[in-house]
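Computation of the quantities below employed the complete heavy-atom set of this structure, encompassing side-chain atoms and omitting hydrogens, waters and symmetry-equivalent molecules.
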Amino acid sequence: QVQLVESGGGSAHPGGSLKLSCRASGFDFSRYPMSWARQAPGNGVEWVSGIFSDGSETAYADSVQGRFTISRDNAKNTLYLQMNNLKPEDTALYFCRKAKTTNNNGNWHDYDKWGNGILVTVST
C-alpha cells in the first residue's frame with residue numbers, strides 16, 4: 001500500500017536551516033505530483049509547496065517563497081524540502097502529500113495520501 005514517511009525534522013534557531021525528506025513506497029512515485037503541507041499548533045492545514053512529477057515545475061506559498069526549496073529524486077522515490085532562514089512561525093507538523101492523479105495541473109489540493117508528519121520547531 002501507499003506509504004509516505006517523513007524525516008529530518010527537529011529544532012532550529014531562527015535563521016537556521018533544516019532539510020526534510022519524504023520516502024515514498026507502494027506507488028510509481030515518478031508519475032505523481034507531490035506537495036508539502038504543514039499544520040501549526042492550533043491552526044488548520046496550510047499548503048507549503050508543490051512539485052510536478054518530473055520536477056519541471058515548482059510552486060510555493062507566499063509565506064515560504066524565497067526561503068524554502070522543494071525537490072525530488074525519482075530514482076530514490078524521495079521528496080525533499082530544504083528550509084532556510086527559518087522563522088518561529090515555521091514551527092509546525094510538516095507532512096508530504098501524494099496527488100490523487102498523475103496530472104501535472106498545479107492543483108496542489110487534489111491529494112489522496114499523506115504521511116504522519118514530522119515536527120519542526122523554530123525557537124531561540
Legend entry - Under 3.5 Å donor-acceptor, Arg67 side chain and Ser63 backbone: yes
Inset, instruction - Kindly say whether Asp110 contributes a backbone atom to a donor-acceptor pair with the side chain of Trp108 at under 3.5 angstrom? - result: no
Inset, instruction - Taking atom CG of Asn116 as the centre, report whether more than 12 heavy atoms of other residues, nucleotides or ligands fall under 6.0 Å from it. - result: no
Legend entry - Point-to-point distance, once rounded to the nearest 0.5 Å, from CZ of Arg31 to OG1 of Thr101: 10.0 Å
Legend entry - side chain to side chain contact (heavy atoms under 4.5 Å, CB included) between Phe95 and Leu20, intermediate numbers included: CA-CA 9 Å; Phe95 47 96; Leu20 305 184; over 6 Å; no
Inset, instruction - Check for a donor-acceptor pair, side chain of Tyr60 on one end and backbone N or O of Ile70 on the other, with a separation under 3.5 Å. - result: yes
Inset, instruction - Check whether any side-chain N or O of Asn104 sits under 3.5 Å from a backbone N or O of Ser53 as a donor-acceptor pair, and report yes or no. - result: yes
Inset, instruction - Carefully, step by step, assess Leu4 and Phe27 under the rule side chain to side chain contact (heavy atoms under 4.5 Å, CB included). - result: CA-CA 10 Å; Leu4 299 169; Phe27 66 103; 4.0 Å; yes
Inset, instruction - State whether the side chain of Arg97 and the backbone N or O of Gly50 hold a donor-acceptor pair below 3.5 Å, judged by distance alone. - result: no
Legend entry - Side chain to side chain, Pro88 and Pro14, heavy atoms closer than 4.5 Å: yes
Legend entry - Working for side chain to side chain contact (heavy atoms under 4.5 Å, CB included), residues Tyr80 and Lys19: CA-CA 7 Å; Tyr80 303 100; Lys19 186 173 184 176; 3.7 Å; yes
Inset, instruction - Report yes or no: do Val2 and Ile118 belong to one cluster of Ile/Leu/Val/Met/Phe/Trp/Tyr joined by side chain heavy-atom distances under 4.5 Å? - result: yes
Inset, instruction - Under the side chain to side chain contact (heavy atoms under 4.5 Å, CB included) rule, what do Met83 and Val120 come out as? Steps first, then yes or no, please. - result: CA-CA 10 Å; Met83 305 185 295; Val120 171; 3.8 Å; yes
Legend entry - Distance in Å, Asp90 CG paired with Asn84 CG, rounded so as to fall on 0.5 Å steps: 10.5 Å
Inset, instruction - List the atom of Trp47, the atom of Ser35, and the distance in Å for their closest heavy-atom pair. - result: NE1-CB, 3.8 Å
Inset, instruction - Look only at the side chain of Glu46 and the backbone of Arg38, and say whether a donor-acceptor pair between them is shorter than 3.5 Å. - result: no
Legend entry - Joint cluster assignment, Phe29 & Tyr111, ILVMFWY side-chain distance < 4.5 Å: no
Legend entry - Between CG on residue Leu79 and SG on residue Cys96, distance to nearest 0.5 Å: 6.0 Å
Inset, instruction - Hey, could you give me the CG/CG distance between Leu18 and Leu81, rounded to the nearest 0.5 Å? - result: 10.0 Å
Inset, instruction - Keeping the roles fixed (side chain from His13, backbone from Val122), state whether a donor-acceptor pair exists under 3.5 Å. - result: no
Legend entry - Arg23 versus Asn77, closest heavy-atom pair with distance: NH1-CB, 3.3 Å
Inset, instruction - Check Ser49 against Ala59 and note the closest heavy-atom contact, atom names and distance. - result: OG-O, 2.8 Å
Legend entry - Gap between atom OG of Ser17 and atom CG of Asn85 - 0.5 Å precision: 8.0 Å
Inset, instruction - Starting at CZ of Arg72, measure out to OG of Ser30 and round the result to the nearest 0.5 Å. - result: 7.5 Å
Inset, instruction - Specify the closest pair of heavy atoms between Ala37 and Val45, including all atoms of both residues, with the distance to one decimal. - result: CB-CG1, 3.9 Å
Legend entry - Sole residue of Lys100, Lys98, Gln1 in side-chain contact (heavy atoms from CB on, under 4.5 Å) with Lys113: Lys98
